[in-house]
Trainee: 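What follows is a structure written as structure tokens; I'll ask about it next.
A, B, ... follow the sequence lines: proteins, then strands. Residue 1 opens every chain. Keep in mind that this is a model prediction, so the values were computed, not measured.
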There are 2 protein chains.
Amino acid sequence: MKTRIKELRARYSLTQAELARRVGVRRETIVFLEKGEYNPSLKLAVKICRELNTPVEELFLFEDNELDK
Amino acid sequence: MKTRIKELRARYSLTQAELARRVGVRRETIVFLEKGEYNPSLKLAVKICRELNTPVEELFLFEDNELDK
DNA sequence: ACTAAATGTTATATATTTATAACATATAGT
DNA sequence: ACTATATGTTATAAATATATAACATTTAGT
């Protein structure tokens, strides 16, 4: 999974720490998410989307073969 | 969290078992999701959305106070 | 070059999702 | 009423997200 969190976060001049604080997780969690190293809960994903004013499908990008099985 | 999975699933005449099969989880997982009893992974949420031709934000409905903290 | 702040890394613990299995109830067709 | 299929329930195990803490590296400002 790829994500545009880092890009959007920069656009709003938010630090990882500040974004983490706003959505109620640890900064390390944001680091892992930005690296695409894990698959957040839907609730966390939606919270981040709201902070970054971006729809879920635009912030989190799945390759096609990642979704079918 | 509320969800319209059950409603949309009915619209497409899919059983829980068939939807589960298509998105690669157990039927029980669909049951729990339809009851809003848990917060799926983003990947699972997106898979279900694709099967039901519905954007994430329309299939999974969070109360406002559920997201801010 | 120094400093402070931001970002990245790693290891371990805890919480929550998901799998599995077995059974119970409901619904529809005959 | 019987049967098959769909849905719901419960308990336990396994997998994975997230928390926590401590430290390392990078970046920006002075």
Side-chain angles (χ1 to χ4, degrees):
Chain A
M1 187 204 72
K2 284 177 183 163
T3 174
R4 293 174 59 215
I5 294 176
K6 189 169 186 167
E7 170 193 347
L8 272 287
R9 188 170 58 72
R11 183 172 309 170
Y12 288 98
S13 302
L14 290 177
T15 65
Q16 292 176 339
E18 174 61 12
L19 177 60
R21 194 191 61 74
R22 292 195 191 182
V23 300
V25 296
R26 290 223 130 209
R27 185 180 57 82
E28 294 90 328
T29 300
I30 302 296
V31 173
F32 288 134
L33 281 174
E34 290 188 353
K35 291 202 299 179
E37 279 190 17
Y38 55 57
N39 182 21
S41 69
L42 176 62
K43 194 177 197 169
L44 175 54
V46 169
K47 280 183 182 176
I48 294 174
C49 286
R50 295 222 177 161
E51 289 300 329
L52 300 178
N53 280 63
T54 308
V56 173
E57 283 87 348
E58 288 181 28
L59 195 55
F60 297 95
L61 309 168
F62 293 94
E63 338 279 331
D64 280 346
N65 58 356
E66 234 179 322
L67 291 179
D68 42 59
K69 62 161 292 201
Chain B
M1 189 204 69
K2 284 176 184 163
T3 175
R4 292 173 59 214
I5 295 176
K6 189 169 188 167
E7 170 193 347
L8 272 286
R9 188 170 58 73
R11 182 171 309 170
Y12 288 98
S13 303
L14 291 178
T15 65
Q16 291 176 339
E18 175 60 12
L19 177 59
R21 195 192 61 75
R22 293 196 190 181
V23 300
V25 297
R26 291 223 130 209
R27 186 179 58 81
E28 294 90 328
T29 299
I30 303 296
V31 174
F32 288 134
L33 281 174
E34 290 189 352
K35 292 202 298 177
E37 280 189 17
Y38 56 57
N39 183 21
S41 69
L42 177 60
K43 194 177 197 171
L44 175 54
V46 168
K47 280 183 181 175
I48 294 174
C49 285
R50 295 223 177 159
E51 289 300 328
L52 300 179
N53 279 60
T54 307
V56 172
E57 283 86 349
E58 287 181 30
L59 195 56
F60 298 95
L61 310 168
F62 292 94
E63 338 279 331
D64 280 346
N65 58 355
E66 234 179 320
L67 292 179
D68 42 58
K69 62 160 295 199

Trainee: Would you sort out whether Asn53(B) and Tyr12(B) count as a side-chain contact (heavy atoms from CB on, under 4.5 Å), showing the intermediate values?
Mentor: CA-CA 10 Å; Asn53(B) 279 60; Tyr12(B) 288 98; 3.3 Å; yes
Trainee: Would you tabulate the nitrogen or oxygen pairs shorter than 3.5 Å linking the protein to nucleotides 27-30 of chain D?
Mentor:
none

Trainee: Take the C1' atoms of the five end pairs on each side of the helix from dA1(C)-dT30(D) to dT30(C)-dA1(D), get both axes, and report the angle to 10 degrees.
Mentor: 60°
Trainee: In whole angstroms, how far is the P atom of dT18(D) from the NZ atom of Lys47(A)?
Mentor: 10 Å
Trainee: Whole-Å distance between dT16(C) P and Leu33(B) CG?
Mentor: 16 Å
Trainee: OP1 or OP2 of dT5(D) sitting under 4.0 Å from any side-chain N/O of Thr15(B)?
Mentor: no
Trainee: Considering the options Arg21(B), Arg11(B), Arg22(B), which one meets the salt bridge (Lys or Arg N to Asp or Glu O under 4.0 Å) requirement together with Glu51(B)?
Mentor: Arg22(B)
Trainee: Considering only dT7(C), dT17(C), dT18(D), which nucleotide approaches the side chain of Arg9(A) most closely?
Mentor: dT7(C)
Trainee: Would you please confirm or rule out a distance under 4.0 Å between OP1 or OP2 of dA17(D) and any side-chain N or O of Thr29(A)?
Mentor: no
Trainee: Could you state the atom-to-atom distance from CZ of Arg27(A) to P of dT26(D) in whole Å?
Mentor: 15 Å
Trainee: Can you name the closest pair of heavy atoms from Arg50(B) and Leu67(A) and give their distance?
Mentor: CZ-CD1, 3.2 Å
Trainee: Which nucleotide, dG8(C), dT18(D), dT18(C), lies nearest any side-chain atom of Tyr38(B)?
Mentor: dT18(C)
Trainee: Please give, in whole Å, the distance from dA17(D) C1' to Asn39(A) CG?
Mentor: 9 Å
Trainee: Within less than 4.0 Å of OP1 or OP2 of dT18(D), is there a side-chain N or O belonging to Arg26(A)?
Mentor: no
Trainee: Check each of Lys2(B), Arg9(B), Arg4(B), Lys6(B) against Glu34(B) using the side chain to side chain donor-acceptor pair (under 3.5 Å) test, and report the only one that passes.
Mentor: Arg9(B)
Trainee: Is a side-chain donor or acceptor of Glu66(A) paired with a backbone partner of Met1(A) at a separation under 3.5 angstrom?
Mentor: yes
Trainee: Checking side-chain contact (heavy atoms from CB on, under 4.5 Å) for the pair Tyr38(A)/Ser41(B): CA distance, chi angles, key distance, verdict?
Mentor: CA-CA 10 Å; Tyr38(A) 55 57; Ser41(B) 69; over 6 Å; no
Trainee: Assign each of Ser41(A) and Lys6(A) to its nearest nucleotide of DNA chain C by heavy atoms, then name whichever residue's nucleotide is nearer the 5' end.
Mentor: Lys6(A)
Trainee: Between Val25(B) and Leu33(B), is the side-chain contact (heavy atoms from CB on, under 4.5 Å) condition met? List the steps.
Mentor: CA-CA 11 Å; Val25(B) 297; Leu33(B) 281 174; over 6 Å; no
Trainee: I'd like to know if Glu28(B) reaches the base of dA21(C) with its side chain such that a donor and an acceptor end up less than 3.5 angstrom apart.
Mentor: yes
Trainee: For the pair made of CD in Gln16(B) and P in dT25(C), what is the distance, rounded to whole Å?
Mentor: 17 Å
Trainee: Minimum heavy-atom separation for Glu18(B) to Leu14(B), with atom names?
Mentor: CG-CD2, 3.7 Å
Trainee: Under 4.0 Å between a side-chain N or O of Lys35(A) and OP1 or OP2 of dT9(C)?
Mentor: yes
Trainee: What is the distance, rounded to the nearest whole Å, between atom CD1 of Ile5(B) and atom P of dG8(D)?
Mentor: 12 Å
Trainee: Working note: Ile5(B) + Leu19(B), criterion side-chain contact (heavy atoms from CB on, under 4.5 Å); need CA distance, chi angles, decisive distance, verdict.
Mentor: CA-CA 10 Å; Ile5(B) 295 176; Leu19(B) 177 59; 3.9 Å; yes
Trainee: Atom CD of Glu34(B) to atom P of dG8(D): distance rounded to whole Å?
Mentor: 6 Å
Trainee: Can you name the nearest heavy-atom pair linking Cys49(B) to Pro55(B), along with the distance?
Mentor: SG-C, 4.0 Å
Trainee: Without decimals, in angstroms, what is the distance between Ile30(B) CD1 and dT9(D) C1'?
Mentor: 16 Å
